[in-house]
> 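Encoded as structure tokens, here's the structure I'll be asking about.
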Amino acid sequence: MFKRTTISALVIGASLSTFPAFAAENVTGPETVLTASYQYDIPAGALSDGLLRFAATSGLSLSAQASLTLGKQNQALSGEFTVEQALEALLRGTGLKAMVQDSMVLLSGTSQYTFAEQPMTMETLAVTAKRADRVSKGATGLELDLKDTPQSISSINQEGLAENNLVQSNEALNMITGVNVDQYETNRATFNSRGFEIQLTQTDGLGMTNDYGTVIGQQDTFLFEKIEVIRGANGLLTGVGNASGTINYVRKRPTNEDEGQLSLSAGSNSQVRAALDYNKVLTEDGSWAARVVMASEDGESYLRDLENEKTTVYAVVDGQIGDNGILTFGMSHQNAKQDSPMWGSLTLNVADGSQAEFDSSASTAVDWTYWNTETQDAFVEYTHLLSDDWEAKATYNHREFEGNTQLLYAYSLSGSLNADYTGLVGWPYKGHTEIENDLFDVNLSGDFEAFGREHSLLLGLSHSEQSSKTFNGSVDSSEMLLSLPAFPYDGSAYAEPNFGELAANGAGEQKLTRLYLASKLQLTDQLHSIVGVNAIRLQRSGDSIYGNLVTTTNYPDTKEVSPYMSLLYDFTDDVLGYVSYSDIYQNQDQTDINGNYLDPVKGVNYEAGIKAEWFDKRVLTSFAVFEAKQTGLATYAGINSNQQYYYEPKDVTSRGYEVEASGYLTPLTRLSLGLTHLKLTGPDGKDIYQWVPRNSVKLMLDTRLASMPELKLGVNTRWQSDVQSTSNVKQDAYMVTNAFVSYELTDDATLRLNVNNIFDEKYIQGLAYGAIYGAPRSATATFDYRF
């Protein structure tokens, strides 16, 4: 049955209900509903309140005589459970039974109800909606459980983000299986998975590519219900992309209750943070609700002189339009300021062939530098239920980004330091960047019957446009490329030049139109297939935002059709195997030695795997093997006579496997463990891209003590094998471990202490584009209050 996601909440009132006879079990209903898994956080208390929280989380309606729950209590329920497990736990000891019918939970007492000739009129406890459950549809755009998705998917929900103090998006991505974050400056990073840069970042399943695969700044994770990464070529969802993966941020949405959360933190390096999340039901019948999320932080850094200040505000409203429609609109604003940021990275090569080592606080920045960014997002979404099985959805997203910078790029003309660590020169820069993005998507999805079986279909059309402008302030040649003192130097090492007025330096546009189709076909009781196709047209002109020195701007229009195919087989109710195939297509912003843009990269991606559920479906394990072949992939080749980076197209193959386990080992112990192994080879069959770790392990584990359930302990750790840059800078294998302890003062108030890098490991964060040391040991104390 297609899940309706657009019905609002109704308050206590009179309704008509017909109760069929219940089976002997306490909880009965369709297996597809009962086995669906959700993250519950229901305190002990009045059963009526507990059931309302259960319904809001599960997205099910609820109907019962009010007298049935009078005076009854439920035990606390915290963790990820199936609908059946959650209902059994809540009803334990109450003498009540539950039956799920047509997405509604019907409650009864110990006596059996039978079909009545006429419907029974009675007072109802509540009818609760599915407003809260608009989540990403994963790798295919179809509503599929993680086990039924023929690709590798990992995610961290808001509870895991908060408890592990992963308040910035890059910190969170660093803990996701198969993802490596190369933070090569204080404000820019690149991500890679399966050996290639992740160039697709989305919000609620919609987005565009990142120029150069580089992401400026970080998002505050407090805004999201979860962050997920779909690894491998995601052609079915995006139409373009390489074989790395797609990052998807799932926004918080209004819920069916008046509730809120306040979080206050203080930590090392004078870091302070405040965050507020408040939901309000706006109308008496519950058909409209709003949610406001705010986060603000300020503080210094372990890096010399670096200071950060960031404020984010997000507001969203949704409500029912008629009987079958729901309208959602929201907007967010982020203002981030950095003083003394690094532009470029540390030079660690020494002329004698050795590798320099500095304190973790080492920075190339000077006092007059800054990097300020402002981002505004707005979206409107309308969903209309056409029937019990079909819905139409239209979405419009708008984003504006502005960046204002004064920076100093410190580098060596020879590529290395002298023996006394001199040899660096400075390149001062003043600039302004504007990026504007509009995206419109409309789709139709639902279930249909054919050949005696039920299938699913998604059909959609999207169009996105992005424009960018850059402006530079001129610098007199007498103030350029001045020698810097021996490194490490202080913030006064390079005097602020006299920048000229900002003048237009470059502009670019790109348009992407995509027609897509995806379908889940139930071939037999055990065998099903997910197939799809994308037809795209990509139009580009002008420069990329990093193409300021490029004078050749020939971007031929591209039309491409990419198929996606997969087969899935249910060996048992808990074990599934799959194989999948996807085309690869990705336009490239890099240029060759003559300044000409490289042709798009093309290729194929194969994946096969097995997924299994354990411990009453509390734990999901997966094993996947993959191979991706990419033709003409931009590969760094050097610096040309214009002091401009240039690239060569190379054929690159990635092979490897991934193993992951996630879920609740017990109702009190949660685990996420992932291992990735890969091999990357170039056209000559030898290793390539050695800055990508060939092996990595990610672990997140937390537990409550049965004897003291108010106390929770957790640890997360990541390990990676050794890496090496194109300039032969090396980082040995290393492991970074973080831990937390939290104590619930009351049902609503919690204290938590997080200690990051508890063993004070010293390491280089990434070597893809440079080098910057990771943070040493630090601590943060947090007070959370829910109301």
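Numbering starts at 1 and runs along the sequence shown. Because the structure is predicted, anything quoted here is derived from the model rather than measured.
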> Within the 4.5 Å heavy-atom criterion, are Ile227 and Leu173 side-chain neighbours or not?
yes

> For residues 295-304, pull every pair meeting salt bridge (charged side-chain N to carboxylate O under 4.0 Å, His left out), keeping only residues two or more places apart or in separate chains.
Arg273-Glu297

> I need the full list of side chain to side chain donor-acceptor pair (under 3.5 Å) pairs touching residues 171-182, with sequence neighbours left out, sorted by first then second residue.
Thr177-Glu660, Asn180-Asn192, Asp182-Asn192

> Establish, from distance only, whether the side-chain atoms of Thr782 and Ser265 form a donor-acceptor pair under 3.5 Å.
yes

> I'd like to know if Glu627 pairs up with Arg655 as an ion pair, taking the criterion as any Lys NZ or Arg NE/NH1/NH2 lying under 4.0 Å from an Asp or Glu carboxylate oxygen.
yes

> So, using side-chain hydrogen bond (donor to acceptor under 3.5 Å, both in side chains) as the criterion, who are the partners of Glu309 when residues are at least two apart?
none

> Would you say that Asn349 contacts Val729 through its side chain, given a criterion of any heavy-atom pair below 4.5 Å between the two side chains?
yes

> Less than 6.0 Å separating the ring centroids of Phe358 and Tyr421?
yes

> Are the side chains of Met342 and Thr186 in contact, using a 4.5 Å heavy-atom criterion?
yes

> After noting the C-alpha distance and the side-chain angles of Ser672 and Ser662, does the key distance pass the side-chain hydrogen bond (donor to acceptor under 3.5 Å, both in side chains) rule?
CA-CA 4 Å; Ser672 175; Ser662 61; 5.6 Å; no

> Applying ring pair (Phe, Tyr, Trp, His ring centres under 6.0 Å), name anything that partners Tyr689, two or more places apart in sequence or on another chain.
Trp691

> Out of curiosity, Glu225 CD to Gln39 CD, how far, rounded to the nearest 0.5 Å?
11.0 Å

> Quick one: list whatever passes ring pair (Phe, Tyr, Trp, His ring centres under 6.0 Å) with Tyr302, sequence neighbours left out.
none

> Testing the 3.5 Å rule here: is there a donor-acceptor pair between the side chains of Asn164 and Asn716?
yes

> Taking C-beta and beyond as the side chain, do Gln168 and Lys310 meet within less than 4.5 Å on heavy atoms?
yes

> So how far is it from Leu481 CG to Leu484 CG, rounded to the nearest 0.5 Å?
10.0 Å

> Using distance alone, with no hydrogens and no angle criterion, decide if Gln183 and Asn170 have a side-chain donor and acceptor under 3.5 Å apart.
yes

> Going by the angle between their ring planes, with limits at 30° and 60°, are Tyr411 and Trp427 parallel, tilted or perpendicular?
tilted

> Do the non-hydrogen side-chain atoms of Gln158 and Lys226 ever get within less than 4.5 Å of each other?
no

> Could you verify whether a donor N or O on one side chain and an acceptor N or O on the other, from Ser296 and Thr311, lie under 3.5 Å apart?
yes

> Taking the side chain as C-beta and beyond, is there a heavy-atom pair between Glu307 and Gln338 under 4.5 Å?
no

> Under the salt bridge (charged side-chain N to carboxylate O under 4.0 Å, His left out) rule, what pairs show up with a residue in residues 725-743, not counting sequence neighbours?
none

> Answer yes if the ring centres of Tyr734 and Trp719 are under 6.0 angstrom apart, and no otherwise.
no

> Please report the interatomic distance CD(Glu744) to CG(Leu711), rounded to the nearest 0.5 Å.
9.5 Å

> Which residues pass the salt bridge (Lys or Arg N to Asp or Glu O under 4.0 Å) test with Glu658, not counting sequence neighbours?
Arg194, Arg231

> Answer whether the closest heavy-atom distance between the side chains of Ile176 and Ile156 falls below 4.5 Å.
yes

> Pairs in or reaching into residues 765-785: which pass salt bridge (charged side-chain N to carboxylate O under 4.0 Å, His left out), with residues at least two apart or in two chains?
Arg752-Asp784

> Among all residues two or more places apart in sequence or in another chain, which pass the salt bridge (Lys or Arg N to Asp or Glu O under 4.0 Å) test with Asp702?
Arg670, Lys712

> Measure the acute angle between the ring planes of Tyr184 and Tyr769, then classify it against the limits of 30° and 60° as parallel, tilted or perpendicular.
perpendicular

> Quick one: side-chain hydrogen bond (donor to acceptor under 3.5 Å, both in side chains) partners of Ser483, sequence neighbours excluded?
none

> Is the shortest heavy-atom distance from the side chain of Gln720 to the side chain of Tyr763 under 4.5 Å?
no

> Using salt bridge (Lys or Arg N to Asp or Glu O under 4.0 Å) as the criterion, list what pairs up with Arg718, not counting sequence neighbours.
none

> Looking only at non-hydrogen atoms, find the nearest pair between Ser654 and Phe626 and report the distance.
OG-CE1, 3.7 Å

> Are Tyr249 and Phe224 close enough that their ring centres sit under 6.0 Å apart?
yes

> Which residue pairs satisfy the salt bridge (charged side-chain N to carboxylate O under 4.0 Å, His left out) criterion with at least one member in residues 755-774, sequence neighbours excluded?
Glu357-Lys762

> Under a plain distance cut-off of 3.5 Å, with no hydrogens placed, do Ser152 and Glu607 share a side-chain donor-acceptor pair?
yes

> Quick check for you: to the nearest 0.5 Å, what is the distance between Tyr409 atom OH and Leu424 atom CG?
10.5 Å

> Would one find more than 12 heavy atoms of other residues, nucleotides or ligands at under 6.0 Å from atom CE of Met735?
no

